[in-house]
Trainee: 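What follows is a structure written as C-alpha cells; I'll ask about it next.
Fair warning: this is a prediction, and the values are worked out from it, not measured in the lab. A, B, ... follow the sequence lines: proteins, then strands. Residue 1 opens every chain.
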There are 2 protein chains.
Amino acid sequence: MIVLDLKDARPLYEQIVERFKQLILRGVLSEDEKLPSVRTLAMELAINPNTIQKAYGELERQEFIYTVKGRGNFVSPVGRLREARKEELREQMRSVVREGEAIGMTVREFVELLEQMEPEGRKEHRT
Amino acid sequence: MIVLDLKDARPLYEQIVERFKQLILRGVLSEDEKLPSVRTLAMELAINPNTIQKAYGELERQEFIYTVKGRGNFVSPVGRLREARKEELREQMRSVVREGEAIGMTVREFVELLEQMEPEGRKEHRT
DNA sequence: TAAGTGTATTATCACTCCTAGTACACTTAG
DNA sequence: CTAAGTGTACTAGGAGTGATAATACACTTA
C-alpha cells in the first residue's frame, strides 16, 4: 500500500502524506476506513513511529483523515477534498500553459496534445 | 532582475537558479550576455558569494550558462534548452491530466479550460 | 601592476529530518 | 477489571543541508 523511496530527496513523512492523499482521492481507501496504526505502519515500513505520527498529523491538519484517540485514524469524507484537488489541477494546467506561451508554445498546441490523449476522440465530439 | 523571497521554503541558491533559467528561456537575457559577477550579485542581494557561486555552478552544470575563468559567466545558446523545456511542459500537462482522470475529470473538461484561455478563440477554430 | 573575475578551502551556525526511548491517557476485547 | 492496542507528548541526539564568514589562488584585462 505504502512504498518508500529512500533515494527520493523528499522527507519520508512527506512521501507518506503524498501517498495517502493519492489513495484517498482515488477512492482506494474508502470513507471512514481505518488506517494502519502508527506503530503498525512504522513496523511495516521499518521506520520510526514518530515519522508516521508526523505524517498522520499532517494528513489530519489537511483534513484527509480524522483521529479518534484510543481508536485510530480514519479516512475523511472525500467530496470536498476531491473538488479542491480538481481546482488545483486546473490551476496547474493554466500555469503550464502560461509558461509555455512565454517560450513560444501555443494554446492550440496544447489542445492538440490533449486530444491525442483522449480515448474516445474519434467520433464527432462537438455538441 | 533577481528577487529573493526569504519567506519561500526553497533555498536561496535554488530560487536564483530558477529565476535565471526563466530569464534565459524567455530571452530576457540574450545569448552570450554576461551575468553579474559572483561578488557583484552577492552584494546586490545582500547574501554570501558562496551562495551565488553555488547557483552559477548549477546553472553551468545544466548548461544554461558557460564560464570563462577570469572573465565571467555568460548565457548559453538557448535553442536546445528551450526545446527541452517545452517537452518538460508537455509531460507536466500529461501528468496533470492523468491525475485528473484518476479522480473523475475528463480530457474534454481540460480542453475546454484551455480554450477559454485562448486569446483568439472566438472564430471557427476547427480545421 | 592593479582590479575584477572564477574557484577552492575551512570553519561555524541554524535548521530539518529522523531516530531512540519513555511516558500518559483513552478505547476495546477478554 | 485488566491487558493490549491506540494516539499523543516530550526530551535527546545524529546526520545532512543551507547559509555565512574569511581567506587564498589563478586567470584576464585595462
Side-chain angles (χ1 to χ4, degrees), chain A residues 1-21 24 29-76, chain B residues 1-21 24 29-76:
Chain A
M1 179 104 67
I2 299 293
V3 181
L4 292 182
D5 178 6
L6 298 181
K7 293 177 297 297
D8 195 323
R10 293 180 314 168
L12 298 178
Y13 82 91
E14 203 174 297
Q15 292 182 42
I16 296 168
V17 167
E18 200 69 22
R19 186 72 180 118
F20 271 116
K21 285 168 75 167
I24 292 171
L29 297 178
S30 314
E31 190 168 323
D32 296 320
E33 184 170 342
K34 185 175 179 305
L35 274 61
S37 81
V38 169
R39 290 174 180 79
T40 301
L41 186 53
M43 282 289 297
E44 279 181 18
L45 300 181
I47 64 178
N48 195 282
N50 291 344
T51 303
I52 308 293
Q53 175 60 28
K54 188 168 185 179
Y56 279 8
E58 183 61 20
L59 284 167
E60 189 188 15
R61 201 190 61 76
Q62 294 183 30
E63 302 188 44
F64 278 74
I65 65 177
Y66 60 91
T67 298
V68 184
K69 276 178 59 169
R71 295 201 54 216
N73 293 278
F74 303 86
V75 177
S76 297
Chain B
M1 181 104 66
I2 299 294
V3 180
L4 293 181
D5 179 5
L6 298 180
K7 294 177 296 297
D8 194 323
R10 294 180 313 168
L12 298 179
Y13 84 92
E14 202 173 300
Q15 293 182 42
I16 296 169
V17 168
E18 199 68 24
R19 186 73 180 117
F20 271 115
K21 286 169 74 168
I24 291 170
L29 296 177
S30 313
E31 189 168 325
D32 296 322
E33 184 170 343
K34 185 176 178 303
L35 272 63
S37 81
V38 170
R39 290 175 181 80
T40 300
L41 187 53
M43 282 288 297
E44 279 181 18
L45 300 182
I47 63 176
N48 195 282
N50 291 346
T51 305
I52 308 293
Q53 175 61 28
K54 189 167 183 179
Y56 279 8
E58 183 62 18
L59 283 167
E60 188 187 14
R61 201 189 64 74
Q62 294 184 30
E63 301 188 44
F64 277 75
I65 65 176
Y66 61 92
T67 298
V68 185
K69 275 178 59 172
R71 293 201 54 216
N73 294 278
F74 304 86
V75 177
S76 297

Trainee: With Y56(A), which of V17(A), T67(A), L41(A) fulfils side chain to side chain contact (heavy atoms under 4.5 Å, CB included)?
Mentor: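 It is L41(A); the other options fail the test.
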
Trainee: Taking only the side-chain nitrogens and oxygens of N73(A), find out if one of them lies under 4.0 Å from OP1 or OP2 of dG7(D).
Mentor: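 Yes, N73(A) has a side-chain N/O under 4.0 Å of OP1/OP2 on dG7(D).
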
Trainee: Taking only the side-chain heavy atoms of I47(B) (C-beta and beyond), determine which of dT20(D), dC17(C), dT7(C) contains the nearest atom.
Mentor: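 Of the candidates, dT20(D) comes closest.
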
Trainee: Given dC17(C), dA19(D), dG7(D), identify the nucleotide with an atom nearest to the side chain of P11(A).
Mentor: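 Selected nucleotide: dC17(C).
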
Trainee: At their closest point, which heavy atom of K34(A) faces which heavy atom of G72(A), and how far apart are they?
Mentor: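 Minimum heavy-atom contact is CE-CA, 4.3 Å.
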
Trainee: What is the distance, rounded to the nearest whole Å, between atom NZ of K54(A) and atom C1' of dT8(D)?
Mentor: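 Rounding to the nearest Å, NZ of K54(A) and C1' of dT8(D) are 15 Å apart.
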
Trainee: What integer distance in Å separates I52(B):CD1 from dT5(C):P?
Mentor: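 Result: 13 Å.
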
Trainee: Expressed as a whole number of angstroms, how long is the span from R10(A):CZ to dC18(C):P?
Mentor: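 Computing the R10(A):CZ to dC18(C):P distance gives 11 Å.
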
Trainee: dG5(D), OP1 or OP2 - any side-chain N/O from S37(A) closer than 4.0 Å?
Mentor: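 For dG5(D), OP1/OP2 do not have a side-chain N/O of S37(A) under 4.0 Å.
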
Trainee: Mark yes or no for whether S37(B), through its side chain, and T40(B), through its backbone, hold a donor-acceptor pair below 3.5 Å.
Mentor: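 At least one qualifying donor-acceptor pair exists.
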
Trainee: Within this structure, what is the CZ-CG distance for the pair F20(B) and L35(B), rounded to the nearest 0.5 Å?
Mentor: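 The CG atom of L35(B) is 4.5 Å from CZ of F20(B), to the nearest 0.5 Å.
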
Trainee: dT6(D) C1' sits how many Å from K69(A) NZ, rounded?
Mentor: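 So the NZ-C1' distance, K69(A) to dT6(D), works out to 10 Å.
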
Trainee: Supply the atom-to-atom distance I52(B) CD1 to K54(B) NZ, rounded to the nearest 0.5 angstrom.
Mentor: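 If I round to the nearest 0.5 Å, the distance is 12.5 Å.
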
Trainee: Starting at the 5' end of DNA chain D, what dot-bracket string do you get if Watson-Crick and G-U pairs under 3.5 Å are bracketed, crossing pairs use [ ], other-strand pairs use | and unpaired bases use dots?
Mentor: ||||||||||||||||||||||||||||||

Trainee: With a cut-off of less than 4.0 Å, is there a side-chain N or O of T51(B) near OP1 or OP2 of dT20(D)?
Mentor: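 Affirmative; the distance criterion is met.
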
Trainee: Starting from P on dG16(D), measure out to NZ on K7(A) and report it in whole angstrom.
Mentor: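 These atoms are roughly 17 Å apart.
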
Trainee: Can you check whether Y13(B) has a side-chain N or O nearer than 4.0 Å to OP1 or OP2 of dG18(D)?
Mentor: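 Indeed, a polar side-chain atom of Y13(B) lies that close.
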
Trainee: Output yes when a side-chain donor or acceptor of Q15(A) lies under 3.5 Å from a complementary backbone atom of D5(A), and no otherwise.
Mentor: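 It does hold such a pair.
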
Trainee: May I ask you to verify if any side-chain N or O of T40(A) is less than 4.0 angstrom from the OP1 or OP2 atom of dT6(D)?
Mentor: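 Answer is yes, contact under 4.0 Å.
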
Trainee: Taking the side chain of L12(A) as heavy atoms from C-beta outward, which of dA23(C), dC18(C), dA19(D) is closest to it?
Mentor: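 Out of dA23(C), dC18(C), dA19(D), the nucleotide with an atom closest to L12(A)'s side chain is dC18(C).
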
Trainee: Between E18(B) and K21(B) (salt bridge meaning N to carboxylate O under 4.0 Å), is one present in this structure?
Mentor: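 Between K21(B) and E18(B) there is no salt bridge, as every charged N stays at least 4.0 Å from the carboxylate O atoms.
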
Trainee: Please state how far atom CG in L6(A) lies from atom C1' in dG16(D), giving the value in whole angstrom units.
Mentor: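 Going from L6(A) (CG) to dG16(D) (C1'), I get 15 Å.
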
Trainee: Between dG18(D), dT7(C), dT8(D), which nucleotide has the shortest distance from any of its atoms to the side chain of R39(B)?
Mentor: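 Of the options given, the side chain of R39(B) lies nearest dT7(C).
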
Trainee: Whole angstrom is fine here: how far is it from CG in L45(A) over to P in dT19(C)?
Mentor: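 These atoms are roughly 10 Å apart.
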
Trainee: Could you tell me how far apart N48(B) (CG) and dC13(C) (P) are, to the nearest whole angstrom?
Mentor: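 For the pair N48(B) CG and dC13(C) P, the rounded distance is 16 Å.
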
Trainee: Between dT28(D), dT9(C), dG6(C), spot the one nearest the side chain of R71(B), thanks.
Mentor: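 When the side chain of R71(B) is considered, dT28(D) is the closest of dT28(D), dT9(C), dG6(C).
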
Trainee: At under 4.0 Å between heavy atoms, what does N50(A) touch on the DNA or RNA strands: base, sugar-phosphate, or nothing?
Mentor: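 Since a base atom lies under 4.0 Å of N50(A), the category is base.
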
Trainee: How long is the straight-line distance from CD of E58(B) back to CD1 of I65(B), given to the nearest 0.5 Å?
Mentor: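 Result: 10.0 Å between the selected atoms.
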
